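Bear in mind the structure is a predicted one, so any value in this text is a computation, not a measurement.
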Amino acid sequence: MDSQSEKDPQSVFEFTVKDAKGNDVDLSIYMGKVLLIVNVASKCGMTNSNYVELNQLYEKYKEQGLEILAFPCNQFGEEEPGSNDQILDFVCTRFKSEFPIFDKVSPFFCDFISEWKKCCSLYKFLKKGKWGILGDDIQWNFAKFLVDKNGQAVDRYYPTTSPLTIERDIKRLLGVL
């Protein structure tokens, strides 16, 4: 699924992950940008509102340095059952999303099942930096992590958090307040 250096990572920029086409993506290409990392799903009750608002944020702030990184996840209610090609088609056709879509992840089981095949060390890192109400568990689809220009998770938002309500925090990190 992903790789990291031998030592404990100090930022998200030390990770290499697979994109939806199976290509390695070194997250250091996003160094100096503000990241909103979201585990997404196509068949969730929150899909429409989240994708619409994520697109609005991306369009408004991508030129100022915002990147939205979408990681499909089928762990919660099997709400992302399609292949990566089907997911890309859905997101790009229905929502016209331009932000990057990555390979499916399994952020929830990372700490519970060590042999879980698709355990995502990026999410382990994000969860270690920002705890939620229920500890470090990812509660459902559309959990969001806001990462500063140094690659540190500075905020964590619950699945029910509207992306547009995060705008003030994004602006603060971008320095456009």
Side-chain angles (χ1 to χ4, degrees), residues 2 4 8-17 19-20 25-42 44-73 75-76 79-80 91 95-102 104-108 110-111 120-177:
D2 58 353
Q4 67 186 63
D8 286 338
Q10 301 301 306
S11 83
V12 299
F13 304 132
E14 295 179 40
F15 290 90
T16 298
V17 296
D19 68 13
V25 177
D26 184 340
L27 295 185
S28 68
I29 65 170
Y30 299 111
M31 203 172 287
K33 295 190 177 230
V34 172
L35 307 178
L36 186 59
I37 299 176
V38 186
N39 63 303
V40 298
S42 300
C44 178
M46 297 178 281
T47 298
N48 289 339
S49 61
N50 271 274
Y51 271 115
V52 166
E53 291 185 18
L54 289 169
N55 283 337
Q56 290 172 349
L57 286 174
Y58 191 64
E59 182 61 32
K60 190 170 182 179
Y61 296 106
K62 68 182 175 183
E63 296 301 320
Q64 284 100 345
L66 174 67
E67 285 292 339
I68 295 173
L69 309 184
F71 288 87
C73 175
Q75 283 184 292
F76 305 106
E79 294 179 340
E80 190 65 275
V91 173
F95 295 103
K96 310 288 189 244
S97 296
E98 295 179 5
F99 47 80
I101 309 293
F102 292 87
K104 280 188 187 179
V105 295
S106 298
F108 180 70
C110 287
D111 297 327
C120 181
S121 57
L122 172 62
Y123 269 87
K124 279 185 182 178
F125 176 79
L126 291 169
K127 293 187 312 180
K128 191 165 101 174
K130 273 300 182 192
W131 282 54
I133 289 175
L134 301 175
D136 67 351
D137 291 347
I138 303 293
Q139 289 77 32
W140 202 256
N141 300 307
F142 295 100
K144 302 158 192 77
F145 287 89
L146 187 59
V147 176
D148 68 13
K149 294 176 182 181
N150 298 313
Q152 303 302 309
V154 294
D155 274 308
R156 178 178 178 168
Y157 307 92
Y158 295 97
T160 54
T161 302
S162 158
L164 291 180
T165 64
I166 301 170
E167 185 173 11
R168 171 184 266 166
D169 297 336
I170 290 169
K171 288 171 64 174
R172 178 178 43 82
L173 290 178
L174 290 172
V176 294
L177 279 176

Closest heavy-atom pair and its distance - [X], [Y]:
X    : Y    : value
E59  : K62  : OE1-NZ, 3.6 Å
L174 : G65  : CD2-C, 3.6 Å
F13  : G32  : CZ-N, 4.0 Å
L164 : Q56  : CD1-OE1, 3.2 Å
L27  : V12  : CB-O, 3.4 Å
P72  : F102 : CD-O, 3.0 Å

Look up atom [atom1] in [X] and atom [atom2] in [Y], then write down how far apart they are to the nearest 0.5 Å.
X    : Y    : atom1 : atom2 : value
F145 : L122 : CZ    : CG    : 9.0 Å
S11  : K149 : OG    : NZ    : 15.0 Å
Y61  : L36  : OH    : CG    : 12.5 Å
M31  : I29  : CE    : CD1   : 10.5 Å
S162 : E53  : OG    : CD    : 3.0 Å
T161 : R156 : OG1   : CZ    : 11.0 Å

So, [X] side chain and [Y] main chain: donor-acceptor pair closer than 3.5 Å or not?
X    : Y    : answer
E167 : P163 : no
E67  : L35  : no
N150 : Q152 : no
N39  : A143 : yes

Which residues pass the side chain to side chain donor-acceptor pair (under 3.5 Å) test with Y30, sequence neighbours left out?
->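 Y30: no side chain to side chain donor-acceptor pair (under 3.5 Å) contacts found.
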
Return the orientation label for the F99 and Y51 ring planes: parallel under 30°, perpendicular over 60°, tilted otherwise.
->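 Aromatic pair F99/Y51 classed parallel.
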
Candidate pair I37 and L126, rule side chain to side chain contact (heavy atoms under 4.5 Å, CB included), full reasoning | CA-CA 9 Å; I37 299 176; L126 291 169; 4.0 Å; yes

Quick one: do K144 and D169 make a salt bridge, cutoff under 4.0 Å?
->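 Salt bridge: no.
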
Would you mind reporting whether [Y] and [X] have side-chain heavy atoms less than 4.5 Å apart?
X    : Y    : value
T16  : V25  : no
R172 : D148 : no
L146 : Y157 : yes
I101 : D19  : no

Would you check, one step at a time, whether the test side chain to side chain contact (heavy atoms under 4.5 Å, CB included) holds for L66 with L57?
-> CA-CA 8 Å; L66 174 67; L57 286 174; 4.3 Å; yes

